[in-house]
Amino acid sequence: MGTKERQDRERQAVTASILDAARELFVAEGYQSVSIRKIAERIEYSPAAIYSYFPGKDDIFLALAAEGFHLLDEKVQSAMKTNDPLENVRGCWWAFYEFSQEQPAYFQLMFVDQSVPRITQQWEGFEFLQQMLTNAVTAIQTAIDAGAFPKTLSPNAAMHMLWASLIGPGIVGIRHRLSSGEDYDALARDVL
């Protein structure tokens, strides 16, 4: 392995360590309570070393959000493989709910924590997220065109309604807010 390859791997390993520590701290203590110094202490680096990888805490969050949205997109894309437009819509949104339960740290950072930077202020770095939203709207429009939904349904409004309605079961599942014996997945299925 050449010097350049070794340096690239080392840089990737340190970047991953920074992001892992930040994700854990952001979820455990809240974004506002975590400093670059705290992240540096967690991985036994100096704050100056962290700044050589990320200009600031917001940039670390945005890198985590990008990771999370890529994971979500992979899950959603793998769920939309049928020829039935309605099943594709259901599969897409069920994948969203499953993501909330399988990746609770990402889900909380991406959709729940109010103290994190607004992703919409950084749209230029999230073209793939805009494409995800477009794909969700297109899937709903395809279901409308196939007669699965009324022709008068706005696909954009439907996408927002589905998103908002499944955030609730996602959060309830992560926070274990149902009574003992109640099924979180059943709640999400009923909503969907």
- prompt: Closest approach of Ser115 and Asp113, non-hydrogen atoms and distance?
  reply: OG-OD1, 2.6 Å

- prompt: How would you list, by chain and number, every residue that makes a side chain to side chain contact (heavy atoms under 4.5 Å, CB included) with Ala49, sequence neighbours excluded?
  reply: Tyr45, Ser46

message: Measuring from atom CG of Leu133 to atom OG1 of Thr138, what distance do you get when rounded to the nearest 0.5 angstrom?
response: 10.5 Å

For Asp8, all residues meeting salt bridge (Lys or Arg N to Asp or Glu O under 4.0 Å), sequence neighbours excluded: Lys4

- line: So CZ of Phe69 and OH of Tyr106: to nearest 0.5 Å the spacing works out to 12.0 Å

- line: With sequence neighbours left out, the residues meeting ring-ring contact (aromatic ring centres under 6.0 Å, His included) with Phe54 are none

query: Counting N and O atoms only, with roles assigned by atom type, does the side chain of Ser154 sit under 3.5 Å from a partner on the main chain of Ala157, one being a donor and the other an acceptor?
result: yes

- line: The reported gap from CD1 in Ile36 to OH in Tyr53 (rounded to nearest 0.5 angstrom) is 13.5 Å

Donor-acceptor contacts under 3.5 Å from residues 55-64 side chains, at least two apart:
unit_1: Lys57; atom_1: NZ; unit_2: Tyr31; atom_2: O; d: 2.7
unit_1: Lys57; atom_1: NZ; unit_2: Val34; atom_2: O; d: 2.7
unit_1: Asp58; atom_1: OD1; unit_2: Tyr31; atom_2: OH; d: 2.2
unit_1: Asp59; atom_1: OD2; unit_2: Gly56; atom_2: N; d: 3.1

- prompt: Atom OG1 of Thr15 and atom CD1 of Ile18: how far apart are they, to the nearest 0.5 Å?
  reply: 5.5 Å

Residue pairs, two or more places apart or on separate chains, that pass salt bridge (Lys or Arg N to Asp or Glu O under 4.0 Å) and touch residues 155-169: none

- prompt: Do the non-hydrogen side-chain atoms of Gln103 and Met110 ever get within less than 4.5 Å of each other?
  reply: no

Would you give me the side-chain donor-acceptor pairs under 3.5 Å for residues 163-176, sequence neighbours excluded?
unit_1: Ser165; atom_1: OG; unit_2: Met161; atom_2: O; d: 2.9
unit_1: Ser165; atom_1: OG; unit_2: Leu162; atom_2: O; d: 3.0
unit_1: Arg175; atom_1: NH2; unit_2: Gln108; atom_2: OE1; d: 2.9

- request: Give the minimum heavy-atom separation between Leu86 and Ala143, together with the two atoms involved.
  value: N-CB, 4.3 Å

message: Can a side-chain donor-acceptor contact be found between Asp84 and Thr82 if the only test is distance below 3.5 angstrom?
response: no

message: Quick one: does any side-chain atom of Glu182 pair with a main-chain N or O of Ser179 as donor and acceptor, under 3.5 Å?
response: yes

query: Is any NZ, NE, NH1 or NH2 atom of the basic residue among Glu41 and Lys38 found under 4.0 Å from an Asp or Glu carboxylate oxygen of the other?
result: no

message: side chain to side chain contact (heavy atoms under 4.5 Å, CB included), that's the test. Do Tyr184 and Arg177 meet it? Break it down for me.
response: CA-CA 9 Å; Tyr184 299 101; Arg177 298 294 191 232; 5.7 Å; no

- request: Would you sort out whether Met159 and Trp93 count as a side chain to side chain contact (heavy atoms under 4.5 Å, CB included), showing the intermediate values?
  value: CA-CA 9 Å; Met159 184 271 297; Trp93 291 101; 3.8 Å; yes

task: In sequence, state the C-alpha distance, the side-chain angles, and the governing distance for Gln77 and Asn135, and then conclude on side chain to side chain contact (heavy atoms under 4.5 Å, CB included).
output: CA-CA 9 Å; Gln77 290 302 318; Asn135 292 346; 3.6 Å; yes

query: How long is the gap from CZ on Phe99 to CD on Glu74, to the nearest 0.5 Å?
result: 10.0 Å

field: Where at least one partner belongs to residues 94-106, residue pairs that pass salt bridge (Lys or Arg N to Asp or Glu O under 4.0 Å), sequence neighbours excluded
entry: Lys75-Glu98, Lys75-Glu102

query: Taking C-beta and beyond as the side chain, do Pro150 and Ile144 meet within less than 4.5 Å on heavy atoms?
result: no

field: Inter-residue atom distance Glu10.CD - Gln12.CD, 0.5 Å rounding
entry: 11.0 Å

message: On a heavy-atom basis, which atom in Leu109 and which in Val116 lie closest, and how many Å separate them?
response: O-CG2, 3.7 Å

statement: With sequence neighbours left out, the residues meeting ring-ring contact (aromatic ring centres under 6.0 Å, His included) with Phe107 are Phe96, Phe111

message: Going by the rule side chain to side chain contact (heavy atoms under 4.5 Å, CB included), which residues pair with Val76 if we only count those two or more places apart in sequence or in a different chain?
response: Leu72, Met80, Cys92, Ala95

Residues that Asp145 engages under side chain to side chain contact (heavy atoms under 4.5 Å, CB included), provided they are two or more places apart: Gln141

- line: On a heavy-atom basis, the closest approach of Arg11 and Ser52 is NH2-O, 3.3 Å

Check: Ile50 and Ile43 side chains under 4.5 Å, non-hydrogen atoms: yes

task: Kindly write out the residues that satisfy salt bridge (Lys or Arg N to Asp or Glu O under 4.0 Å) with Asp20, not counting sequence neighbours, or none if the list is empty.
output: Arg23

- request: Specify the closest pair of heavy atoms between Pro85 and Ala146, including all atoms of both residues, with the distance to one decimal.
  value: CG-CB, 3.7 Å

Determine all donor-acceptor pairs shorter than 3.5 Å in which one atom belongs to a side chain in residues 185-192; sequence neighbours excluded.
unit_1: Asp185; atom_1: OD1; unit_2: Tyr97; atom_2: OH; d: 2.8

- prompt: Taking atom CD of Glu44 as the centre, does the number of heavy atoms from other residues, nucleotides or ligands within less than 6.0 Å exceed 12?
  reply: no

